[in-house]
**Q** 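Please read through the structure below; I'll follow up with questions.
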Protein chains: 2
Amino acid sequence: MHKAAVERNNDVFAAQLVPVGRETVQDRVYSELRRALIGGLFEPSQVLTIRGLADALVTSTMPVREALGRLITEKALEALPNRSVRVPPITLERIDDLLRARILIEGEAISLAATRMGPRGIATVEALLREWDEVRALKQKKDIDREVTLNQSFHFEIYRACGSAVLIPMIESLWLQSGPCIRVAIYAFSEAGEVDTAHYHRSIVAALAAQNAQAAREALVADISRPFAFLRDKLQSRARTE
Amino acid sequence: MHKAAVERNNDVFAAQLVPVGRETVQDRVYSELRRALIGGLFEPSQVLTIRGLADALVTSTMPVREALGRLITEKALEALPNRSVRVPPITLERIDDLLRARILIEGEAISLAATRMGPRGIATVEALLREWDEVRALKQKKDIDREVTLNQSFHFEIYRACGSAVLIPMIESLWLQSGPCIRVAIYAFSEAGEVDTAHYHRSIVAALAAQNAQAAREALVADISRPFAFLRDKLQSRARTE
DNA sequence: TCAAAGCAAGTGTGATCACATATCAAAATC
DNA sequence: GATTTTGATATGTGATCACACTTGCTTTGA
């Protein structure tokens, strides 16, 4: 490295313990948008503009347009023929389609994980379960964002154990696509008095601890089907009344 | 629309029959790179540079960098910590990983297609089969590119019938990822005197015509497993001799 | 009063520039 | 002679500009 370059910008803040692979603005924007999408912070059918997001994220348009392009290829966003981009709208077909894909792929992932997850992995997800209980214990205010995050950590901690560098990105893409739908479902749960999600998660952990792949898959399918089924009913009844 | 704008660039070539949704340079570059990747025109581990591709495709760096970013999110390319990008290298684990995912997802897709593909769809894929035979009939020169393209058309014509807007992009992503591997396998076939691929394809069509989902799935699995198994053996024997 | 033309603000796309970093070979130092 | 330093070139990243297209509102004319 040039000595001049070192002197010019070797400020202590940038010189962290990561010698290579620094974080670019583009990556930051991409992660930010991903989090927002998975967390359901955007409404379905909401239109996003490059300059608007750039202002909100305090950068130029460059990193935003690249991040949007990437999200479009993942089907997390949708490019309209006008060249404007929006969050994909919810339809009955799309809900069923997404659920089927998630059952197929996440089911396979958890089957693999059931045989490959060691005691350490089990302990980790059990810790997440306890943390969940703590959050729910002080349920004075429903901290939906926190629950969404914990749910995500729980699932991906398991999927990570399947050891597939191909399946996991696909699951991430599926979560990205179902994020906006799920958010709607969660609000619906809040209105309708929700069933205990933790119960399903405990079944999953029990099956994993017993290395019972089939039971783990069935418990997982029940867990991810529930919000979809709820959302499906809601959409159908809305369609009937209109 | 501004009259001035109309006068300035309403040239007859641009004014095609597509009123909206014109093709951008970025889309062209992206498709071009996709084709090259699926066709296996890039070597595994090959490093790609933005400016190099921009020169080759006769544009500026702008469209190329966006296309590369999209391909990286699809795992069709790989971002090194140096921020340079390359075609992912082939490893034994990756081959098995890709094959498992393809069996899972393409198997599901063809199962759905078996019940939903009408006589018209069957006729289309049969036509592709005949075209394939014609190409193979004049086998004086092995037109590998043509065969790769026909193979791709055959498979995706079937998958399209499954009617899933979620599964099909995932399959495209899988093909993108296995493209470079497959190319290696095809060359290996050429060296070793290949088995007749058309035979497997005929089994698939027969099963589809009979609406036998299970048989279709099995025939498909045999079809896509073959090059992977071949490549796997090749890699293993190479590892042993080293 | 209503519809068509015109205009202005907003938006996506592509090109170019500036800069920090990466890479690699030549030169200098031990 | 081996290792380090130094410099030149190449490359990715982010910002900005120019331009074409879209959109919505205003103005104009029947």
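Quick caveat: nothing in here was measured; it's all calculated off a predicted structure.
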**Q** Can you see if the side chain of A/Arg65 gets near the phosphate of C/dG12 - specifically, an N or O under 4.0 Å from OP1 or OP2?
**A** no
**Q** Can you tell me how far P of D/dG14 sits from CG of A/Leu53, to the nearest Å?
**A** 16 Å
**Q** Looking at B/Arg102 and B/Asp223, is any side-chain nitrogen of the basic one under 4.0 Å from a carboxylate oxygen of the acidic one?
**A** no
**Q** Let me know the distance between CD1 of A/Ile72 and C1' of C/dT13, rounded to the nearest Å.
**A** 13 Å
**Q** Between the main-chain N or O of A/Leu57 and the side-chain N or O of A/Arg28, is there a donor-acceptor pair closer than 3.5 Å?
**A** yes
**Q** Side chain of B/Arg51 only, heavy atoms from C-beta on: which candidate in D/dG14, C/dA15, D/dG12 is closest?
**A** D/dG12
**Q** Check every atom of C/dT16, C/dG12, C/dA15 against the side chain of A/Arg83 and return the nucleotide holding the closest atom.
**A** C/dG12
**Q** Go through C/dG14, D/dG14, C/dT13 for me and flag the one nearest to the B/Val25 side chain.
**A** C/dG14
**Q** Quick one: is A/Asn82 getting a side-chain N or O under 4.0 Å of the D/dT23 phosphate, OP1 or OP2?
**A** yes
**Q** Tell me which nucleotide among D/dT13, D/dA15, C/dG12 gets nearest to the side chain of A/Ile50.
**A** C/dG12
**Q** For the side chain of A/Thr49, counting heavy atoms from C-beta on, which of C/dG14, D/dG14, C/dG12 is nearest?
**A** C/dG12
**Q** Check the orientation of A/Phe156 and A/Tyr159. Use parallel for under 30°, tilted for 30 to 60°, and perpendicular for over 60°.
**A** perpendicular
**Q** I'd like to know if A/Arg226 and A/Asp233 make a salt bridge, using a cut-off of under 4.0 Å between side-chain N and carboxylate O.
**A** no
**Q** What's the CD-P distance between B/Glu66 and C/dA15, to the nearest Å?
**A** 11 Å
**Q** Would you mind reading off the distance between A/Leu80 atom CG and C/dT13 atom P, rounded to a whole angstrom?
**A** 11 Å
**Q** Rounded to whole Å, how long is the line connecting atom CG of B/Leu68 with atom C1' of D/dT13?
**A** 13 Å
**Q** A/Met62 or A/Leu48: which one's nearest nucleotide on DNA chain C is closer to the 5' end?
**A** A/Leu48
